Enquirer: 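What follows is a structure written as structure tokens; I'll ask about it next.
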Protein chains: 2
Amino acid sequence: MPDNIEKKPMPKILLVDDEPDIIELIQYHLEKEGYLVKTAKNGVEGLKVAKSFVPDLILLDVMMPEMDGIEACIELRKDNTLNSTLIAFLTARAEDYSHVAGLDSGADDYITKPIKPRVLLSKIKALLRRSTVNQIIKNDKVSLEINRDKYIVICEGKEFTLPKKEFELLALLFSKPGNVFTREAILAKVWGDDIVVGDRTIDVHIRKLREKIGDVNIKTIKGVGYKLNLNVN
Amino acid sequence: MPDNIEKKPMPKILLVDDEPDIIELIQYHLEKEGYLVKTAKNGVEGLKVAKSFVPDLILLDVMMPEMDGIEACIELRKDNTLNSTLIAFLTARAEDYSHVAGLDSGADDYITKPIKPRVLLSKIKALLRRSTVNQIIKNDKVSLEINRDKYIVICEGKEFTLPKKEFELLALLFSKPGNVFTREAILAKVWGDDIVVGDRTIDVHIRKLREKIGDVNIKTIKGVGYKLNLNVN
DNA sequence: AATGCGTATTAAGTAAATGTTAACTGATTT
DNA sequence: AAATCAGTTAACATTTACTTAATACGCATT
């Protein structure tokens, strides 16, 4: 491996599970891939470690004593330090509810037990890819890239330099394609909590985006919010 | 500067306990969180209030004069209007039996005394969250998914983007498949309390749903309400 | 068969949410 | 100081969801 390649620090992963066997198994595979791993055996401990370790990803068992995964997730999400930390649940296939409730509580993914190392690793890779500053989506319908380093958007081969607010707005919609973002959420994320702006401000920005990168489908859901539509009809 | 703050109706909670101190304590904490709270000091009264208030959650003390919590719970469960209302027992830690019997009588959770406000609030939050989550049903007859994040309904593989009211209505029926929802309950949940609409409004929305996702069986029960029929004949 | 009650079905009306445009403000550049 | 640009606002247009009203249907009761 030549030296002139930028050395990216490997992602940090926090693993929270009460079963030592599971911990050992997963930790082994993760470290083999080069990830930096720390572990905790319950939600309370996990919370503590998370705050100092500031991992890129937290793997959280749903069923745990003391504080279960969902509770822990909710607590984790309250911590601004962990804003950009991904959370994935480990859950037995049977507990279907937890999968659902979990995603709602702010998790980014879930992984079902029994855990197959291959699957786990590829899922983790995919998750971490998503979180990197730059994001790309390419399918037969759409080609869109958001590059934070260069602060540009590449859409259908054309390059755009968007103003800050437009850029952030697009990036937000893009962060979870297909998901609806309420006006509230958009204001909170792009503008900030305290700032108060008029009713039409978001619309105008949406309009400018639509004008500039018309290829991408920004869909309005009246009374709910906006979303990026990637499975164009 | 216009106040464009979205008004989300806060969940309604009915608190039934015979001890004024407990009532006061809990009520204080609940209202601080923004919940709409009503109280009753025994099962009989609780039943009466529940029917008109149509709360999202009922906190029910197990030990009460007149009518104890379990009896009350059984009665509450008979009322179709309260179909989608959650019920949680408040119980002293010792009375272990009540936990078992309680869940059997149709309760959704139990909370042990002495009550720690923090724990109570997080439990309540979790309970209420469960009811507004993404849901999937798949069996040999029907395949239906309600995805709140993407605000879509997937029925037999086909994707639908429903308007808000239709979406909420379907989601409500879907929250307890097979159960009947009275018109009052539907109005309370989907439209909200203050809003007054004509007699035919619900019908029209039901019709639109039937039109769009004909595969799913929305059954009318005359004089009672509507239900989602998933065990198609 | 006639009545009455509750629901279904339309189409048309209304209100609410969003779209659009241009003009204004303040910051930054020239 | 003029020009440019991002961001916001205000006024108005447009679109859609939602509601209503009028009428038809279905079923039970008599």
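Just so it is clear: chains get the letters A, B, ... in the order the sequence lines come, proteins before strands, and each one is counted from 1. Just so it is clear, the structure is predicted and the values come from calculations on it, not from any experiment.
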Enquirer: Would you please say whether a donor-acceptor pair under 3.5 Å links the side chains of B/Asp149 and A/Asn179?
Expert: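 The criterion, which ignores hydrogens and geometry beyond distance, is not satisfied for A/Asn179 and B/Asp149.
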
Enquirer: I need the CD1-C1' distance between A/Ile206 and C/dA17, as an integer number of Å.
Expert: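 A/Ile206 atom CD1 is separated from C/dA17 atom C1' by 14 Å.
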
Enquirer: B/Phe174: which residues meet the ring-ring contact (aromatic ring centres under 6.0 Å, His included) condition with it, sequence neighbours left out?
Expert: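 Once residues adjacent in sequence are excluded, B/Phe174 has no partner under the ring-ring contact (aromatic ring centres under 6.0 Å, His included) criterion.
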
Enquirer: Output the rounded distance in Å from CD1 (B/Ile221) to P (D/dC27).
Expert: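 So the two atoms are 15 Å apart, to the nearest Å.
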
Enquirer: Go nucleotide by nucleotide along DNA chain C from the 5' end; which of B/Asp203 and B/Arg207 gets its closest nucleotide reached first?
Expert: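 Upstream on the strand: B/Asp203.
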
Enquirer: When you compare the side chain of B/Asp56 with that of B/Lys189, does any pair of heavy atoms fall below 4.5 Å?
Expert: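 Yes; the side chains approach each other to less than 4.5 Å.
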
Enquirer: Below 4.0 angstrom, N of the basic side chain to O of the carboxylate: do A/Lys212 and A/Glu166 qualify?
Expert: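 Answer for the salt bridge query: yes.
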
Enquirer: Determine: side-chain N/O of A/Thr220 to OP1/OP2 of C/dG19, distance under 4.0 Å, yes or no.
Expert: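 A/Thr220 to C/dG19 OP1/OP2: side-chain N or O found under 4.0 Å.
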
Enquirer: Would you kindly give the CD1-to-P distance between A/Ile218 and C/dT20, to the nearest whole Å?
Expert: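 For the pair A/Ile218 CD1 and C/dT20 P, the rounded distance is 12 Å.
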
Enquirer: Mark up nucleotides 16-21 of chain D, 5' to 3', with B wherever a protein heavy atom is under 4.0 angstrom from a base atom, S wherever such an atom reaches only the sugar-phosphate, and - elsewhere.
Expert: BSBBB-

Enquirer: With a 4.0 Å cutoff (strictly under), does any side-chain N or O of B/Tyr226 reach OP1 or OP2 of C/dA8?
Expert: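 The answer is yes; a side-chain N or O of B/Tyr226 sits under 4.0 Å from OP1 or OP2.
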
Enquirer: A/Leu209 CG to C/dG19 P: how many Å, rounded?
Expert: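 The answer, rounded to whole Å, is 12 Å.
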
Enquirer: Can you name the side chain to side chain contact (heavy atoms under 4.5 Å, CB included) partners of B/Val204, sequence neighbours left out?
Expert: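 By the side chain to side chain contact (heavy atoms under 4.5 Å, CB included) rule, B/Val204 matches B/Lys208.
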
Enquirer: Over 60° means perpendicular and under 30° means parallel, so tell me whether A/Trp191 and A/His205 are parallel, tilted or perpendicular.
Expert: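 Rings of A/Trp191 and A/His205: perpendicular, as their planes differ by over 60°.
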
